[in-house]
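One-based numbering, in listed order, for ligands and for the atoms of each.
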Amino acid sequence: MRTEAPVAVHLSDYAPFPFQIDQVNLEFDLDPDATRVKATLAIRRSGAADAGLTLDGQGLKLMKIAIDGAPLDPSAYTVEEERLVIPSVPDAFTLTTEVEIAPAKNTALSGLYMSGGRFCTQCEAVGFRRITYYPDRPDVMSAFHVRMSADKKKYPILLSNGTPGESGDEKGGRHFATWDDPHKKPSYLFALCAGDYDVYRDRFTTMNGDEIALAIHVDKGDAERAAWAMDSLKRSMKWDEEVYGRAYDLGVFNIVAVRDFNFGAMENKGLNVFNSAYVLADEATATDADFEAIESIVAHEYFHNWTGNRITCRDWFQLCLKEGLTVFRDQNFSADMRSRPVQRIKDVIRLRARQFAEDAGPLAHSVRPDTYASIDNLYTATVYEKGAEIIGMLRRMIGEEQYRKGMDLYFERHDGEAVTIEDFYKCFEDVTGEDFAAFRRWYAQAGTPEVTVAETWNPDTNEIEITLSQKTAPTPGQPDKKAVPIPLQMALVDGEGNLAEWMTLLEDEDVTLTMELPEGTGRPLVSVNRDFSAPVRLKRDLTRDQRLALVRAETDPFNKWDGVQSLVKEEILALSEGSQAEPDSALVDALGGAVEQAAGDPAYAALLTRLPDVGELFLERQPADAVALNAARRKLQTALAARLGPFIAETLGKPTPTPYDPGAEQAGVRALRTALIVLLGVAKEPSAPAMLERLYSEATNMTEQIAALRALCVQGGGAATAPLAKFEVEWKSNPLVMDKWFAVQASTGTAETVAKLAAHPAFDLLNPNRVRSVVATFAMQNLAAFHAPDGSGYRAVETIVLSADKANPALGARLLTAFEQWRVLEPKAKAAAEATLKRLQAADLSPNSADIVARALG
Ligand code: BES
Ligand code: ZN
């Protein structure tokens, strides 16, 4: 049976809700199998005099309904599949509804559900309608009062948004608690959590002198592992005060960690709910990457308090208003906590891997789309990562000071409102006096602009002429593209330093700059898009030697790294196309030398050893052959491992820093160590497996332990068998660590490995982390196996996704995005991918997944 794609929603259809909801009172009688939710809404007409009341609701059993205390006659309302309609209502009234829901049966993890025997909620984007009848849209903001009751023994801690009020015992072994949130908020920010937790507590004093009680709620026995998340939270609070002048606005701030969660974390007002993977960490169970992710996600959700909660989105088309801006904020927080250039490089790696790929495929859409079929599918790399890049460009163009003034005006003007991208830009127009209409094209136009750089040098006049031109390829539904304003940070360098540094705003299709240099300077090198000032793809016709010269002369750390990336990219492509049999030894030597020279900044050196991922190479030459690209990449990596042999032995021969500290300095040292462990994984030296086994068994932290285990898997030849078995025995009771065990194998194995992992007793189709650790890891980090020309990789994924999707559509749909690159593949993989997508299209998929498949095939 084929599921019909749901009806599309259009931005142009926006109409305000015709009523205000002044106050919401919710009463929960919590029970896993039958929870009663009584909602009392104070409603006032604000729109047309004849407008009826339509409320969203999904999977609710309506038990009672009354207006101003009088039960409604069944003829006065209709209950549809996804809404409740009362055609005729007074201008001001109180609506009371009572519904029954079954949290224990909720496997979609949207609305009220159970995780690890505890109650929790996830309402963004449209989960509140699974809890009660309500205008479940972000522009309806109201004050919430919550009362909940539950079995006292099973659920001793009862949490919701805002600040706690009365609490006490009830008959039958139950107890109750009330919570008040004085800040008006949309329903998507509602949260409720109830259960038995261990709590890690701390305090924070705001810049206004307010004392905030901070608490992180975790599984029993896990409290100490919340220390880093708490530390990150306090640093985030301080940073938002110092950098944006924004303080926290409630007396308590709670975080709850849950094991079963569809996303990373959620910014519910005063009660953030986190995937436990982004809360729990210690040296024995978490990697530096985990610590880093926790720091940035805790910051991200905290920063939403101002960019998202106090000022929210008018409708879901404006999602980037809160997400792009908040990602931009968390990236800058991380840059301030660690190394700014290293953070920039990591952000760009992520942008290229995820967003550029999305922009180049059938799922391409603009940062603010004007239509969607399923809102869950709008939480994309484009909305998030490209959305953040646009804010970065804005700040670059107007400068720090004007940016801060514009933000101040935004907070002041729109506090308590649900607004649009236009409202946001109006603040910057008012502050700068500039017009951002052309710049706002970045929000409407999909696709990654390609900027071509051409230069000519005239030795007679000592003039250099630089021509920059832009072009964006067509994307689905957008055949013709306009020029967008592209701020390009530029410099002329000559090996001694910068001869000139400036910013060019490429506003039209092309621009030519002519610069005269002092006599005797010689031909300078042109450094373009420094610090990755704009999210574009550069096209430059340079020889290997020219690229090498530019890398040597570069003064911008991002561009130095990126110059190396472009060199190795060209090399891998040449190797994969057979135009070259072996890696160029001069290049490998230069690369090895660069790594050795950067050893004083180990985090940066680690990034220099990184070769572009196979998926990133798909963008360069099409049709793309994942198997050939992977083999070529491996060849270059192996050559680099050989070149760096003595350096690897020396660096890894030293003890790792102790005692463990998750901070940037030590993490940098470990980043280089693990980068070298990666190289050992592909090293042909006979001593490599033994060295890896030693590193594995002597590891004092998870960062190096898991890196060594993975490298052993890559080495193959049974080297990993015993360590994998040992690891499983050691960690079988820790689900987050077991996720790593699954992921290591999925990222290095074959389709057969995936089938074996899916049959493992610890594989759990209902746990998103576990499913992702196998399926997403395989499909997104093991491209040669996923895109195997015989279609085996696709079949392995298809089988699991079909089952996962039934229980959890958001999860199923997210996994299916792995197929987004299918059109660019070599003929065999392409045909197998298409056949898989067609089978999926004919299967009984959720609307979310059907939307992804339909657009992928589009
Ligand atoms: N508001 C989102 C959570 C969310 C995601 C709700 C998708 C509904 C659908 C939250 O602020 C968020 O963006 N979380 C990210 C992590 C963040 C650091 C980018 C996530 O969960 O992946
Ligand atoms: Zn967010």
Side-chain angles (χ1 to χ4, degrees), residues 108-111 113 120-130 136-138 185-191 229 232-233 236 240 255-258 260-269 271-279 289-313 316 318-335 337 343 346-347 350-351 354-355 367 372 374-389 391 768-769 772 776 780 808-815 817 848:
L109 314 186
S110 164
Y113 66 95
C120 69
T121 56
Q122 170 57 37
C123 293
E124 188 179 3
V126 288
F128 193 71
R129 61 189 62 186
R130 295 164 177 265
D136 194 12
R137 44 188 284 171
K185 67 168 174 287
S187 53
Y188 83 86
L189 290 173
F190 168 80
S232 303
L233 174 61
S236 307
D240 216 14
I255 288 179
V256 174
V258 300
D260 306 279
F261 199 69
N262 274 342
F263 320 107
M266 177 64 209
E267 70 265 27
N268 316 298
K269 184 80 189 189
L271 177 53
N272 288 2
V273 175
F274 271 63
N275 186 324
S276 55
Y278 300 113
V279 173
D290 295 326
F291 278 95
E292 216 177 301
I294 290 169
E295 182 177 83
S296 78
I297 299 183
V298 165
H300 178 98
E301 307 311 338
Y302 175 73
F303 295 158
H304 268 315
N305 192 53
W306 277 96
T307 51
N309 300 5
R310 293 282 293 240
I311 307 178
T312 194
C313 304
W316 293 119
Q318 322 294 330
L319 184 60
C320 63
L321 176 74
K322 75 178 178 80
E323 294 302 349
L325 176 57
T326 305
V327 169
F328 177 71
R329 276 151 54 70
D330 83 54
Q331 289 175 344
N332 279 281
F333 166 75
S334 295
M337 294 300 120
Q343 178 67 28
K346 288 182 178 173
D347 291 340
R350 192 182 161 91
L351 180 80
R354 304 185 31 192
Q355 202 280 321
V367 173
Y372 63 76
S374 159
I375 175 62
D376 296 334
N377 293 346
L378 210 77
Y379 290 76
T380 62
T382 296
V383 169
Y384 276 67
E385 262 78 45
K386 191 172 177 180
E389 289 298 320
I391 306 292
N769 286 1
R772 281 190 290 249
M780 294 170 193
N808 187 339
L811 176 64
R814 190 59 67 100
L815 297 172
T817 61
N848 296 36

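Scored by the side chain to side chain contact (heavy atoms under 4.5 Å, CB included) test, A388 finds V327, F328, Q331 as partners (sequence neighbours excluded). Scanning for side chain to side chain donor-acceptor pair (under 3.5 Å) contacts around N769 gives N275, R772, with sequence neighbours left out. Taking S296 as the reference, D330, S334 meet the side chain to side chain contact (heavy atoms under 4.5 Å, CB included) condition, with sequence neighbours excluded.
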Discussion item. The test is side chain to side chain contact (heavy atoms under 4.5 Å, CB included); show your working for Y188 and W316 and say whether it passes.
Written reply: CA-CA 11 Å; Y188 83 86; W316 293 119; 3.5 Å; yes

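Listed by chain and residue number, the protein contacts of ligand 1 are Q122, E124, F263, G264, A265, M266, E267, I297, H300, E301, H304, K322, E323, Y379, Y384 (heavy atom within 4.0 angstrom).
Shown here is Y278, whose OH atom has no more than 12 heavy atoms of other residues, nucleotides or ligands within 6.0 Å.
The NE2 atom of H304 and the NE2 atom of H300 meet at the Zn ion (ligand 2) at an angle of about 100°, given to 10°.
Sorting the N, O or S atoms of E323 by how far they are from the Zn ion (ligand 2) puts OE1 first.
Distance check: N268 CG to F190 CZ gives 9.0 Å after rounding to the nearest 0.5 Å.
Tested against E301, the residues L233, N309, V273, N272 include a single side-chain contact (heavy atoms from CB on, under 4.5 Å) partner, N272.
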